[in-house]
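Starting from 1, each residue takes its place in the sequence as its number.
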Amino acid sequence: GTTDWVRWEIRPWLNRAGEIGGLIMFIEVITQWKQAELALKQAEAALAKANEELEIKVKKRTTKLKQAIKTLKTEIVERKQAQAAVKNTEQMYRQILDAITDMVLVKEPDSRIVWANKACRDYYNMTNEELGGLIDVPFNRLDYTQQYIKDDAHVFNTGETLIIPEEPITRHDGEVKLFNTIKSAIFNSEGQVILTVGASRDISDRLTAQRDRQQAQEELQESYNLLRSVIESTPDTVFVKDLEGRLVMLNSSGVRLLG
């Protein structure tokens, strides 16, 4: 029941007279060759199909890759834009803080300086590069520095704003001025304190004026008391009237005289 493939060829044979005397038949079994040819065609068809499927997959993956690259490029552009916006905002805020006359100082959890505005840098006569990483300026008094560290720790540990009505700060030339300072916490997205910012306003002139005014009032009161004592001790009658003629002051001698 086996089927073979054969290839055959018929040729005439000629006698001496040159006439066809019969036929010669050549038969060759080509089953193996035919099977190999069929297997090759099947393999070629399978390869073509595989190549087609592979091409489809490659196209799909290429499309996805192109989409991913496009998305990545968009994200990169958006990220750069966001970074530029953050940088511009940061520069704007720094310019604003540099424009105010109050001293602004930003510190890390260990009280080390991160950034200072222009007023602060001018007061210390130091750059941000020189101030960065310091706990305090080297020319300040140790007890002042220790109090700053204590105040910073309170804000870091509690997250509460600390108002310091009056604190001394040493200038670069050694002069000590008094400042009203407010220290506040800066939180991250998780609500943890990551920095503190202190804003200090010079109140030296105001305090001096208040003290001068208080001293003047005290001196005036002393002068008034002295004058009152002199008026009360004189045997003469002394009285004072306002512009409408009303009596506003009468010493003891006057009271005894008028009954």
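For Phe156, the ring pair (Phe, Tyr, Trp, His ring centres under 6.0 Å) criterion is met by no residue, not counting sequence neighbours. A search for side chain to side chain contact (heavy atoms under 4.5 Å, CB included) contacts involving Asp110 returns Glu108, Arg112, not counting sequence neighbours. Asp173 is linked by a salt bridge (charged side-chain N to carboxylate O under 4.0 Å, His left out) to Arg171, counting only residues two or more places apart in sequence or in another chain. Scanning for salt bridge (charged side-chain N to carboxylate O under 4.0 Å, His left out) contacts around Glu75 gives an empty result, with sequence neighbours left out. Judged as a side chain to side chain contact (heavy atoms under 4.5 Å, CB included), and not counting sequence neighbours, the contacts of Leu40 are Glu44. Every side chain to side chain contact (heavy atoms under 4.5 Å, CB included) that Asn88 has, sequence neighbours left out, goes to Gln91. Residues passing the ring pair (Phe, Tyr, Trp, His ring centres under 6.0 Å) test with Tyr148: none are found, sequence neighbours excluded. Under the rule for a side chain to side chain contact (heavy atoms under 4.5 Å, CB included), the partners of Ile100 that lie at least two apart in sequence or sit in another chain are Leu97, Asp102, Val104, Asn117.
Cluster membership for Tyr144 and Ile169, using ILVMFWY side-chain heavy atoms within less than 4.5 angstrom, is shared. Ile69 and Val77 fall into different hydrophobic clusters, where Ile, Leu, Val, Met, Phe, Trp and Tyr side chains are chained together by heavy-atom contacts under 4.5 Å. In the hydrophobic clustering of this structure, Leu105 groups with Leu134; members are Ile, Leu, Val, Met, Phe, Trp, Tyr whose side-chain heavy atoms approach within less than 4.5 Å, directly or through other members. Residues Ile27 and Trp5 fall into different hydrophobic clusters, defined by Ile, Leu, Val, Met, Phe, Trp and Tyr side chains chained together at heavy-atom separations under 4.5 Å.
Separation of atoms CE (Met103) and OG1 (Thr181) is listed at 7.5 Å; rounding is to 0.5 Å. Atom-to-atom distance recorded for Thr170:OG1 and Asp136:CG is 8.0 Å, nearest 0.5 angstrom. From Ile182, atom CD1 reaches atom OG1 of Thr161 across 8.0 Å, with rounding to the nearest 0.5 Å. A distance of 13.0 Å separates NZ of Lys118 from CD of Gln95, quoted to the nearest 0.5 Å. Here the CD-CD distance, from Gln42 to Gln35, works out to 10.5 Å after rounding to the nearest 0.5 Å. Rounding to the nearest 0.5 angstrom, the gap separating the CG atom in Asp152 from the NZ atom in Lys107 is 4.0 Å.
Listed by chain and number, the hydrophobic cluster partners of Leu162 are Val155, Ile164, where partners are ILVMFWY side chains within reach of under 4.5 Å, directly or through others. Clustering of Ile, Leu, Val, Met, Phe, Trp and Tyr side chains at separations under 4.5 Å places Leu72 together with Ile76.
Applying the ring-ring contact (aromatic ring centres under 6.0 Å, His included) definition to pairs two or more places apart or across chains, those involving residues 177-206 are Tyr123-Phe179. The list of ring-ring contact (aromatic ring centres under 6.0 Å, His included) pairs with a residue in residues 6-41, not counting sequence neighbours, is empty.
Environment of CD in Glu28: crowded, with over 12 heavy atoms of neighbouring residues, nucleotides or ligands closer than 6.0 Å.
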Worked check of side-chain contact (heavy atoms from CB on, under 4.5 Å) between Val137 and His172: CA-CA 9 Å; Val137 291; His172 64 88; over 6 Å; no
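Looking only at side-chain heavy atoms (C-beta outward), Gln147 and Pro168 stay at 4.5 Å or farther from each other. Using a 4.5 Å cut-off on side-chain heavy atoms (C-beta onward), Arg79 and Gln83 make contact. Using a 4.5 Å cut-off on side-chain heavy atoms (C-beta onward), Glu55 and Glu52 make no contact. Residues Leu14 and Ile20 meet the side-chain proximity criterion, which asks for heavy atoms closer than 4.5 Å. Side-chain contact between Thr196 and Lys183 is absent, with no heavy-atom pair separated by less than 4.5 Å.
Remark: Lys57 does not engage Glu53 in a salt bridge, criterion side-chain N to carboxylate O under 4.0 Å.
Closest approach of Val106 and Val197 over heavy atoms only: CG2-CG2, 4.2 Å. What you find for Ser204 and Lys177 is that their closest heavy atoms are OG-CB, 3.2 Å. Heavy-atom minimum distance, Pro12 versus Leu23: CA-CD2, 4.0 Å.
No donor-acceptor distance shorter than 3.5 angstrom exists from the side chain of Arg121 to the backbone of Asn128, with no hydrogens or angles considered.
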